[in-house]
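Accompanying notes for the structure given below.
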Amino acid sequence: MSKGGARIALLALAALLATAPADAAMLRARLNTDIASTNPGVTRDENTDAVLMHVVEGLVAYREDGSVGPMLASGWQVSPDGKNYLFRLRPGIRFHNNAVMTSADVVWSLRRYLAPATHWRCLSEFNGGGYARIIDVQAAGPLAVRITLDRASPTFLATLARVDCGSAAILHRNSIGADGKWRVPIGTGPFRFDAWRRNQFVDLARWPAYQALPGARDGNAGRKQALVDRIRFLIIPDVAAAQAALLRGDIDVLDNILPLDARQLKSRRDIRLSVAHGMDIFALLFQTARGRLIDVRLRQAIAATLDVPGLVNAITEGASRPNRSIVPAASPYYDAVQAAMPRPDLARARSLAAAAGYKGEPIRLIANKRYPDLFDAAILVQAMALEAGINIQIDTLDWAAQLDRYYSGNYEAMMFAYSARLDPSLSYESFIGDKKRDPRKVWDDAGARALLQQSRATGDRAQRQAVFDQLHRRFMAQAPAVVLFNQGHITATRANVIGYKGWPAAQMRLWGVALR
């Protein structure tokens, strides 16, 4: 950004800050882009998820260790055949319009998600496209709901808790207008949705009637307390403008900062830094259904050129964990099989490329600058591949255009980041699928699909570990993608911010956070 452009951005930021209520304790955090909508689990991206998790809640939620804990449900019972889940609801929970939550609200919310017209992101998981299908949702009393599946599904709760599914948030039906169109999320979280000025800010206000769970904060579960009156998420796309705002005290929390910026901030007494090792996945994707990369030998050749630890250390200065596995390094299922790190082998790469009939034709690699780590990784992938005579050309797109190409499968190669999934089955599900039905899927392999189903059909830890090990070996052999690293999320806060803590889901959580 030019000096003039930066000055305009800072003046615009100052005008936004001036709109804050003078008498409110407001915590201010930065988003790098605007949210996609206010409709949880429907029109969403990572920023949307992060904001709405302060507003809405589901029956269950992820704990920090990747297990699933209660949220709006006080507990549940599973039938001996694993097909029926009876959820007991916490009494006295109030929506943000002060209505008391009952089983009727849960039934309405879940049936809305399951209606195709809602376009819920996770519908395919529960309508027969995933492991189990929800065949019935019924009230079993004022504070009890029974969900019936067509088969046992040990990962049912883990899927229900997914943040990208909006945690299957329970909403008041007035979230929908009389015309059937989406209005605003009327949820049960510690903050209520207050205002959204597009491309400028999103405001949340403390919900005084919120009933926090006992105990400590624990992922998206546990104790959730609003310790400030308001949260303002300021949309500041420019990194330099965001950092300047932090240093001036115009924002309090700057999430996901670059390692170089972190190094410069370390010496400042008015700034605190924290690092959380995330479970998101940064990877090089290949198009395996058509074009040159349909030949596994060429994909293997590119993979063989990559010095992954060197690449990751260069672009993240050691803040992120090199990892060639779809199972994140922070997962309890990350074992010696997943941790194996192949060394670059240029001779093998040249041999494989020659066997595939490759003669130096350009391979188009899509990247974007919204995520600098991805763009920098593309540059190094290009340089490393060139050492074996593989000609990679980078096409830089804006994030929206890249997402469109990802969902349509319209690319040859792509640098891409998957948001955190706290269960390895869900991480693999992001990659595995039928490309004809879902072009965004990277790995279309019948054997991989069968193994994925096995991983979701058992809750036994040892059995699941064995399946994940088989999946990893198969993934490395077929090379539909090259996983590079799990990002270390660095957050900078002002010294007067108390209680901020990152976690493996790499989601900014501002409940339990106060201003001194």
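Quick note: numbers below take in every heavy atom, side chains included, and nothing from hydrogens, waters or symmetry partners.
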Closest non-hydrogen contact found for S37 with W196 is CA-CH2, 3.9 Å
4.5 Å side-chain heavy-atom contact, I257 and T491: no
### Heavy-atom donor-acceptor pair, N368 side chain to Y371 backbone, under 3.5 Å
yes
Point to revise | Side chain Q402, main chain L397, donor-acceptor under 3.5 Å | key: no
Any donor-acceptor pair under 3.5 Å linking the side-chain atoms of E57 with those of T188? yes
Q | S430 side chain vs L426 backbone, donor-acceptor pair below 3.5 Å | A | yes
Counting only heavy atoms not in R461 (residues, nucleotides, ligands), do more than 12 fall under 6.0 Å from its CZ? yes
Distance col, row I35:CD1 vs T43:OG1, nearest 0.5 angstrom, shows 11.0 Å
Interatomic distance, CZ@F375 vs CG@D373, rounded to 0.5 Å, equals 12.5 Å
Checklist line | Side-chain heavy-atom pair I271, T493 within 4.5 angstrom cut-off | finding: no
Note: A492 and L273 closest approach over all heavy atoms is CB-CD2, 3.6 Å
Residues passing the ring-ring contact (aromatic ring centres under 6.0 Å, His included) test with W503, sequence neighbours excluded, are none
- Query: Is the distance between the ring centroids of Y334 and H472 under 6.0 Å?
  - Reply: no
Are the side chain of R192 and the backbone of H96 linked by a donor-acceptor contact shorter than 3.5 Å? no
Self-check item: Main-chain N/O of T102 paired to D105 side chain as donor or acceptor, under 3.5 Å
Solution: yes
### Message
For T155, is there any backbone N or O sitting under 3.5 Å from a side-chain donor or acceptor partner on T159?
### Response
yes
Practice item. Determine, for F475 and R324, whether the Lys NZ or Arg CZ falls below 6.0 Å from the six-membered ring centre while staying within 45 degrees of the axis. Key: no
Distance-only side-chain donor-acceptor flag, T38 / W182, under 3.5 Å = yes
Do D218 and Y62 have side chains that get closer than 4.5 Å, going by heavy atoms?
no
L285 vs F431, side chain to side chain contact (heavy atoms under 4.5 Å, CB included): CA-CA, chis, key distance, verdict: CA-CA 10 Å; L285 311 184; F431 286 77; 4.2 Å; yes
Exercise. Is any NZ, NE, NH1 or NH2 atom of the basic residue among R248 and D250 found under 4.0 Å from an Asp or Glu carboxylate oxygen of the other?
Worked result: yes
TODO: Evaluate side chain to side chain contact (heavy atoms under 4.5 Å, CB included) for L403 paired with R405, printing each intermediate quantity in order.
DONE: CA-CA 5 Å; L403 273 180; R405 298 282 287 272; over 6 Å; no
Value for OG (S175) from CZ (R112), rounded to nearest 0.5 Å, stands at 7.5 Å
If you define the side chain from C-beta out and look only at heavy atoms, does anything of I93 sit under 4.5 Å from Q211? yes
Problem - Under 3.5 Å: donor-acceptor pair, side chain of R272, backbone of A495 - result: yes
Tightest non-hydrogen contact, residues D255 and R30, listed as O-NH1, 4.4 Å
Item to check | Side chains of N323 and S325, donor plus acceptor under 3.5 Å | outcome: no
Report task. For this output row, return yes or no: ring centroids of F416 and Y406 closer than 6.0 angstrom. Result -> yes
Next item on the list: Please state whether the rings of F485 and F282 are parallel, tilted or perpendicular, taking 30° and 60° as the class boundaries.
Entry: parallel
| message | Assess whether a salt bridge exists between D423 and R421, defined as any Lys/Arg side-chain N lying under 4.0 Å from an Asp/Glu carboxylate O. | response | no
May I ask you to check whether S419 and D280 show a side-chain donor-acceptor distance below 3.5 Å? no
For F156 and Y85, take the angle between the two ring planes, folded into 0 to 90°, and tell me which bin it lands in: parallel under 30, tilted 30 to 60, perpendicular over 60. tilted
Which of R28, R494, R232 passes side chain to side chain donor-acceptor pair (under 3.5 Å) with D252? It is R28
message = Checking the side chain of R197 only, and the main-chain atoms of F201 only, is there a donor and an acceptor separated by less than 3.5 Å?
response = no
In short, V42 meets H119 closest at the heavy-atom pair CG1-O, 3.7 Å
Apply side chain to side chain contact (heavy atoms under 4.5 Å, CB included) to the pair D261 and V239, showing each step before the final yes or no.
CA-CA 10 Å; D261 294 331; V239 174; 3.7 Å; yes
Rounded to the nearest 0.5 Å, the CD1 atom of I379 sits from the CE atom of M415 at a distance of 10.5 Å
Original post:
Taking atom types as modelled and ignoring hydrogens, do the side chains of S425 and S455 form a donor-acceptor contact shorter than 3.5 angstrom?
Top reply: yes
- request: Would you check if S74 and L89 make a side-chain contact, meaning some heavy-atom pair closer than 4.5 Å?
  value: no
Report yes or no: do N32 and N47 form a side-chain donor-acceptor pair below 3.5 Å? yes
task = For the pair H489 (side chain) and H277 (backbone), establish whether a donor and an acceptor sit closer than 3.5 Å, ignoring hydrogens and angles.
result = no
Open item on the list: Just by distance, no angles: are the side chains of R223 and Q225 close enough, under 3.5 Å, to form a donor-acceptor pair?
Closed with: yes
Rounded to the nearest 0.5 angstrom, the CZ-CG distance for R44 and L52 is 10.5 Å
- Message: Is the shortest side-chain heavy-atom distance between V56 and L171 below 4.5 Å?
- Response: yes
- Message: Side chains of S427 and M279, heavy atoms from C-beta outward: is any pair under 4.5 Å?
- Response: no
Separation between CZ (R509) and NZ (K224), nearest 0.5 Å, reads 10.0 Å
Walk me through whether D203 and F233 qualify under side chain to side chain contact (heavy atoms under 4.5 Å, CB included). CA-CA 6 Å; D203 275 4; F233 292 95; over 6 Å; no
- Item | Heavy-atom check, side chain of L27 versus side chain of R230, under 4.5 Å | no
Correct closest heavy-atom pair for I394 and A367 would be CG2-CB, 4.1 Å
Review point. Between the side chains of R370 and T33, is a donor N or O closer than 3.5 angstrom to an acceptor N or O?
Key: yes
Residue set satisfying side-chain contact (heavy atoms from CB on, under 4.5 Å) with I432, at least two apart, ordered chain then number -> Y428, W443, A448, R449, L452, L471
In short, G41 meets W120 closest at the heavy-atom pair O-CD1, 3.0 Å
_Working note: R162 + S167, criterion side chain to side chain donor-acceptor pair (under 3.5 Å); need CA distance, chi angles, decisive distance, verdict._
CA-CA 5 Å; R162 279 170 51 177; S167 288; over 6 Å; no
Open item on the list: I'd like to know if the side chain of D34 pairs up with that of Q200 as donor and acceptor (distance under 3.5 Å, no hydrogens or angles considered).
Closed with: no
Worksheet item: Can you check whether V68's main-chain N or O pairs, donor with acceptor, with R63's side chain at less than 3.5 Å?
Response: yes
